[in-house]
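In listed order, ligands and their atoms are each counted from 1.
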Amino acid sequence: TTGMRVYFSEGSRVVQDVSLYFGGMGPTTVSADKTCKTIVGRPWDDQTLGRAYDVLLEELVLPPSAPGGKTDFRRSLTLSLFFKFNLGVLQKLREMNVIRDELPETFLPLPSNLQPSLQEFQHVSKDQSNQDAVGRPMMHRSAISHATGEAVYCDDVPKTDGELFLVLVTSSRAHAEITALDVSEALTLPGVVDVITAKDVPGKKARSMFGYEEELLAVKEVSCVGQMVCAVLADTKVHAKRGAAAVKITYKDLPDPVFTIEDAIEKSSYFEPQRRIEKGNVTEAFKSVDQVYEGAIRIGGQEHFYMETQSMLVVPVGEETEFNVYVSTQWPTLIQEAIAETLDIQSSRVTCHVKRLGGAFGGKVIKTSILASITSVAAWKTNRAVRCVLERGEDMLITGGRHPVLGKYKVGFMTDGRIVAADFHYYANAGCFVDESVLISEKILLHLDNAYDIPNLRGFSVACRTNLPSNTAFRGFGVPQGVLVVENMINDVAMALGRPADQIREINMYTGPSVTHYKFEFSPDNLQCCWEECKLKSEYGIRREAVDQFNQQNRWKKRGISIIPIKYGIAFAEGYLNQAAALVHIYKDGSVLVSHGGTEMGQGIHTKMQQVASRELHIPTTKIYISETSTNTVPNTCPSAASFGTDANGMAVKNACEILYQRLEPIRLKNPKGSWESWVKEAFFEKISLSSTGFYRGHDLYMDWDKMKGQPYSYFTFGVCCSEVELDCLTGDYRTVRTDIVVDIGRSLNPSVDIGQIEGAFTQGLGLYTLEELKYSPTGLLYTRGPSQYKIPAVCDMPLQFNVYLLSDSNNPHAIYSSKGIGEPTLFLGSSIFFAIKDAVAAARSDSGLMGPFTFDSPATPERACLACSSPFIQKIPASQPGSFTAWALDI
Ligand code: MTE
């Protein structure tokens, strides 16, 4: 931040007084006194200011280890902000006729004329009968209670008698042996009831995945800062926190912790299996291409930042080791099984209840099962209800997030823009436990082609084992990272050839009947339709020209535009997960209670299930209620994940309702003019069952990695997004001027919920690619543990004009009522902003004489964008010593 002012005597350009203040250059605001002294008494001209820049640079220094990091960026900002001030002053002096020197037009500061505009909502399906709820833009059934705060979440469940609160004690070392654990002081503190350690676990003390074990509570060794070691139980949260602070853990550090992907590669620290896939013959193909380019891009991790942190309440029923568990999870069955295994009891003794989740985004599956297992041990041991609700900082520290990825590539292409061969290497930072990392690295390879038919395509992908908190599933499951590498490669080809990137995309895009690199046949027709429609709706052609013209006319502000496609596979490659069940009861008053295996996390699954039941039972949605998801109504469920929850559960609810409607048929035929309520009553008197289960057996999907062949998806959801940004090259600050998205989601079940999903996923994507940065200390401690250090998108980050269109006339024979899964695919479209920023940066660089491909990592924060512009001010900053950045924070 800065505040600057200058005084001139009437009609003169000689400076009488000047003040230059900067924030962010020390513990408090600093005044650049020396610089001011060099200016006072001199004319405001190039000579004076030239000297002032040099003095300013010397006067305001930051050691590389300064708190907050980004020291090169902050130093360059002092110069560029002063330069911006200079431009304003010169303009004023000119207006006052004090000076007449001509400033180049391109240097003039721009008046900001960017205004937000709202899109009209115009999405009602054709062929809509009056009564049919399916296809209608119905509001999310809890929208109002979410907004008013009346919606009940896990931690809103009233406190029960004798309830205890659990607070976790976590490791402060990244890689160490635990030599002693002393809980004696904690136990003496007021309110503290007990401390739970691994010794208290009656059943399985670790979870196994892919042959690796993850201990619930560490016993001998810790492998990251934030690993759970024990848990303090007290009558209140405050007491439990005090108790946790009094637990003493003694460590003996173990050598060589691994934090970065580079460290892991050097030490071959990987989780097995590593995956490879190849189509054609890549090595041979490289011999026949016109040009070869090699590049790399890093994508940072991402925090889930669900509004409701991890929350659970385990209540012993009081007899026969039975438990009721209220938990915020995407997979109630997993929690049920994890608790049963941990307590060494049968699953039938554990009932999990999930009313709703305050967001999950993939983060409330595996990590929640570990937390719930620990909480259940506490409830079992004390025979009292135990609540565990993480604070934001704890949640961010303990539960991990999206995998940071390093993607390297070599691409061979022809001068006409055709890509003939591409070879990718992906390294994902998995953290200290395997979790779902192997599946994520597989999914990265499955999306290696994105929208392009590259005849010779090869990929290698591996999950790196490091001493950071273990990462887990996150909306997109590796695809947002993997595909960014692919699209960056396309951009590099375009830059190497000096052509617009959209042309290279178009030349290489799938057309006609197509086959993926894992030999899966599909039609890309709707991808092409989305591409064409997005170009049309966004007026891409004329805006591309306008952007180029703007860039010629402006030196310090640049615009950038990009258009990016996504082809996203829906359903689970693990075939057995593609199933769902439902239970529907009709009560005698005609009201209907639907239960199904999906969990409501904001994506609107319950609203859509009401719509399905309404269509099948021919009654309004107001007669249909969904209370919760629970393991005693619908057992053996699959996770609400892979954007497949609505597809699968929708079919199960449909099945149950069809059965019930069929049962009512004789009664309806007897009394066709009767009301729904009269038929239901009559059915009861006729002793017809008014309750039914429903089931859906999904596709038998698979992926055979040895044969590099499979059918891992039911179908693809396609989308295309065009974004334009305006970048201030002096500060890196940017605004998204406009975004247009066209998505093929078949025949939407509920356009308003689906558009909400598209907007939400896009926004989470723009956070990933342009804002959100996790920073760790050199000892592996996560610094960014709250919204003040970790920037998630805010209102000001939204595109000023934001248009979402659903592709019309699309059908999908593979999912309920011809719809398509939409929860995850459009997150990747947030990268259109990343590529628009990169486009603007390229324009700035060309003004500095820098042409061709350049390395630009994600997120494209103002710091990165500003430094990449390589303005004269950036060039003035002496490059910081190698490793100086890591002195403050690790670049994971
Ligand atoms: N939308 C909201 N509001 N909150 C969430 O946590 N999770 C996303 C997406 N949309 C999420 C969300 C993820 S990770 C998935 S897989 C899908 O919703 C699940 O939606 P489905 O039940 O329709 O498959």
Provide, to 0.1 Å, the distance between [atom] and the closest protein heavy atom, together with that atom's residue and name.
| atom | value |
| --- | --- |
| atom 5 (C) of ligand 1 | Phe361 CE2, 3.2 Å |
| atom 1 (N) of ligand 1 | Gln757 NE2, 3.1 Å |
| atom 20 (O) of ligand 1 | Gln603 CG, 3.3 Å |
| atom 8 (C) of ligand 1 | Arg475 NE, 3.7 Å |
| atom 3 (N) of ligand 1 | Gly602 C, 3.3 Å |
| atom 17 (C) of ligand 1 | Gly823 CA, 3.8 Å |

Using a strict 4.0 Å cut-off to heavy atoms of [X], name the atoms of ligand 1 that fall inside it.
| X | result |
| --- | --- |
| Ala360 | 5 (C), 6 (O) |
| Gly645 | 21 (P), 22 (O), 24 (O) |
| Glu824 | 16 (S) |
| Ile605 | 22 (O) |
| Phe644 | 24 (O) |
| Ala642 | 16 (S) |
| Gly359 | 6 (O) |
| Ala641 | 16 (S) |

Option set [options], criterion heavy-atom distance to [atom], minimum:
| atom | options | answer |
| --- | --- | --- |
| atom 23 (O) of ligand 1 | Ile822, Thr646, Asp647 | Thr646 |
| atom 4 (N) of ligand 1 | His606, Lys364, Met609, Met601 | Met601 |
| atom 16 (S) of ligand 1 | Ser643, Gly598, Ser819 | Ser643 |

Next item on the list: Please check if the distance between the ring centroids of His146 and His140 is under 6.0 Å.
Entry: yes
Margin query: Could you check whether His699 and Tyr715 have their ring centres less than 6.0 Å apart?
Written below: no
So, [X] and [Y], do they make that salt bridge, N to O below 4.0 Å?
| X | Y | answer |
| --- | --- | --- |
| Lys567 | Asp744 | no |
| Arg275 | Glu442 | yes |
| Lys608 | Glu600 | no |

Heavy-atom side-chain contact between [X] and [Y] under 4.5 Å:
| X | Y | value |
| --- | --- | --- |
| His353 | Val325 | no |
| Tyr696 | Asp647 | no |
| Phe762 | Leu827 | no |
| Asn812 | Arg747 | no |

Next item on the list: Taking the six-membered ring of Tyr568 (Phe, Tyr or Trp), confirm whether the NZ or CZ of Lys820 is under 6.0 Å from its centre and within 45° of its axis.
Entry: no
Check: Cation-pi between Arg392 and Phe305: NZ/CZ under 6.0 Å from ring centre and within 45° of the ring axis?
Finding: yes
Note to self: Let me confirm one number: the CD1-OG distance from Ile370 to Ser373, rounded to the nearest 0.5 Å.
What the structure shows: 6.5 Å
Check: How does Tyr306 reach ligand 1, if at all, at less than 4.0 Å between non-hydrogen atoms: by side chain, backbone, both, or neither?
Finding: neither
Check: Between Ala473 and ligand 1, which part of the residue brings a heavy atom under 4.0 Å of the ligand: side chain, backbone, both or neither?
Finding: neither
Notebook entry, point to check: Which pair of heavy atoms, one from Cys638 and one from Leu577, lies closest together, and at what distance?
Noted result: SG-O, 3.2 Å
Note to self: Are any of the N/O atoms on Gln330, whether in the backbone or the side chain, positioned under 3.5 angstrom from an N/O atom of ligand 1?
What the structure shows: no
Next item on the list: Say whether Ser640, considering both its backbone and side-chain N or O atoms, lies within less than 3.5 Å of an N or O atom on ligand 1.
Entry: no
